[in-house]
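Chain letters run A, B, ... following the sequence lines, proteins first and then strands; every chain starts at 1.
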Amino acid sequence: MSGLIFAIELAYWQQTLIKVLVAAVLIPTTALILGIVFLFKMMSWMQSRMGPQEAGPRGLLQLAADGLKFLQKEDIIPDRADRFVFKAAPVVVLASTFLTYVILPAGPDLVIENLPTGIFFAMAVSSLSVVGVLMAGWASSNKYALMGGLRAGGQLIAYELPLILAVMGVVIQAGSLSMQDIVWAQADGSMFGFGGLGLPFVITQVLAFFIFMAAIQAELTQPPFDMPVAESEVVGGFHVEYTGFRFLFFFLGEFATAFAFAAIAATLFLGGWWVPGVDPNSALANVVGPIALFVKIMVVAFLIFWFRFTYPRFREDQLQRFAWKYLIPLALANITITGILVVVL
Amino acid sequence: MPKVPGMVKGLGVTFRTMVETLKPSGGPATVQYPHEKEEPSPRARGVIALHEENCTACMLCSRECPDWCIYIEAHKTLAPPRRAGGKPRQVNQLDRFAIDYSLCMYCGICVEVCPFEALFWSPEYEFSEVSIADLLHEKERLGEWMETVPDFEAYEAGSEAKGKKVPR
Amino acid sequence: MSVLAVTEVLVAQNIAFAIIALGVVVAGVRLVTTENVVHAALWLVVVLAGIAGLYILLAAEFTAIVQVLVYIGAIVVLFLFGIMLTRARLGEGETVNERMRIPALVIAVAMFGLMAYSLWGYFGSTELEVVGRSTAELGQTTAQVADSLFLTYLIPFEVVSVLLLAALTGAIVLARRD
């Protein structure tokens, strides 16, 4: 697939090696970009501050400096911790993020693996992070960590459902689970007979888009759904005992997952790598595609972090009620209506 | 006009703050401290300055200090008489006046209690040291801060009553 | 790679199968021998993930993903959740219920015998035909699953759903005190 761009035929193992390397570079980079642009800069501006200024030009290397600092820290494992599970937990969380990147398409040929069941695969592997979080909470041998882990477990299970159900609406409309096919469906679509802009599914699936955004907010355990890591309640939750590079793993995992979810939202609802005016079949789409996708991801990530910096924390029971009584019935209604309309029209 | 839901209003507040911060006319509420200094508010309690000539070593401040962080040493000496032909006066000559700022809690009781106008609040705040032992500042340093003490403000805006003057 | 070459794939597949199957067996043995309940649940994750890998080897990626989503993402998480809420003790070995060892062994042997018997009875010594399928065909497996679920086996599918719903309602009725 990716060999086509450079008109070079690569062996299967060479392609695989390139893909793994690209993913390995991409994940920390995207996490850094989101962390700097939104966590450091945009949050500061929204609180009438300037954010970091000293490390690098305009403080843009602050997060890299922080990462280096984490690497220097002593690796502390609590005395009564379950050592192996304690060490494995951050890896499980990061692996779940890593696998999500596999299906993200950045161009007609730029995808690590275009699985026919792409979006379904992404939902399945992102649910693996719950296991890592529960492992971290339990193995830390700390009651705050355990409570944080249990809160995270309950929250991630509850919001997995609206997330998948919201995606279902898009899948029904596109008629495919493959990320590439969903992009193509939006590129080929038309609004009231006018096909120039295609049909980004955010127009027909507004409800699903809202549910999806609310659910990924909870999946990322960030405000207003940050009870699992609430400093004032459970002093940091499941990663309270983690220091140094193990904590860095959790941090990277959180922001890389935010990027992956933003990319999924951009692909499902905003047309992914497709830009109006660029022929999706041309080689140009492989160049413009990543840029367009990046811009769209930034727009979605801006929304995610805007909500994060604005709203105060929910209460635990409000969180569950919101998921089970509002989001899931709404998502089911959305699926029913979409299904009926797809059959009728 | 229908009422805007609080959720949406909140988003508006944060967005407006961001735009305000980024506008050249607006700017952040914070100050880039080491590069530009913050303007302290009037009568800010930064550090306690000493006007040495006024001190009579009466020990009131030292005794009232809740933290016992003021050290005073003095000896009696004879000063020249006020009038020609008079008796030489007996005065307390200040040898040492030191405030341990690692103990001081900035309550200001010493400033309040001083009967001779020798202690003043200065808005100066840059007096940190690398070692905690170096926070014991002697009278020379305390005297330097006198220059940063601002003039007293009028008791009431526009009042005719004469306020106290800071000795210079 | 228009058509997966049959013999080459089989060699690679057999090696991969051997590795995964070995991992699954080891994890399965650790699952029943470990003294710590949480560790047992985590070994179960390894077993189920290995089985998902075996499904992928059989080109049944939809089943593999469902395996991950439902078994690891939901059921094992619920196990862990329940264990941690009730008896999450660290350190000293929390001994698993040992009284049921013999009945469990009997049931396991009986299940194995039943499955082996039915497989043997159905297939006997017939050799299965090895089919090489193109990648395009492999991409259609999900559609085939969907078609057979919602066309051929629609009634059984719905009956199973209703059964699950009944079980769910029953659980709620049992759990609620009022």
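- By a heavy-atom distance cut of under 4.5 Å, A:G153, A:G154, A:I157, A:I164 are the residues of residues 152-164 of chain A near chain C, going up by number.
- Distance alone, capped at 3.5 Å, places no donor-acceptor pair between the A:T221 side chain and the A:P228 backbone.
- For C:T34 (side chain) and C:L31 (main-chain N/O), no donor-acceptor pair under 3.5 Å exists by modelled atom type.
- Between the side chains of A:S126 and A:E219, no donor N or O sits under 3.5 Å from an acceptor N or O.
- With ring centers used as reference points, A:Y242 lies 6.0 Å or more from A:F249.
- With hydrogens and angles left out, the side-chain atoms of A:Q180 and A:W184 include no donor and acceptor closer than 3.5 Å.
- Contact residues of residues 65-73 of chain C toward chain A are C:I65, C:V66, C:V68, C:L69, C:I72, C:G73 (heavy-atom distance under 4.5 Å).
- For residues 88-103 of chain A, the set of pairs meeting the side-chain hydrogen bond (donor to acceptor under 3.5 Å, both in side chains) definition, not counting sequence neighbours, comprises A:T30-A:Y101, A:T97-A:T257.
- The closest donor-acceptor contact from the side chain of C:S118 to the backbone of C:L114 lies under 3.5 Å.
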Going by atom type alone, with no hydrogens or angles, which donor-acceptor pairs under 3.5 Å involve a side-chain atom of residues 148-160 of chain C and a protein atom two or more places apart or on another chain?
| unit_1 | atom_1 | unit_2 | atom_2 | d |
| --- | --- | --- | --- | --- |
| C:S148 | OG | C:Q144 | O | 3.0 |
| C:S148 | OG | C:V145 | O | 3.0 |

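- Aromatic rings from C:F62 and A:F120 are positioned such that their centres are separated by under 6.0 Å.
- With a 4.5 Å cut-off on non-hydrogen atoms, A:L128 touches chain C through its side chain but not through its backbone.
- Within a 6.0 Å radius of CG in A:D317, other residues, nucleotides and ligands contribute more than 12 heavy atoms.
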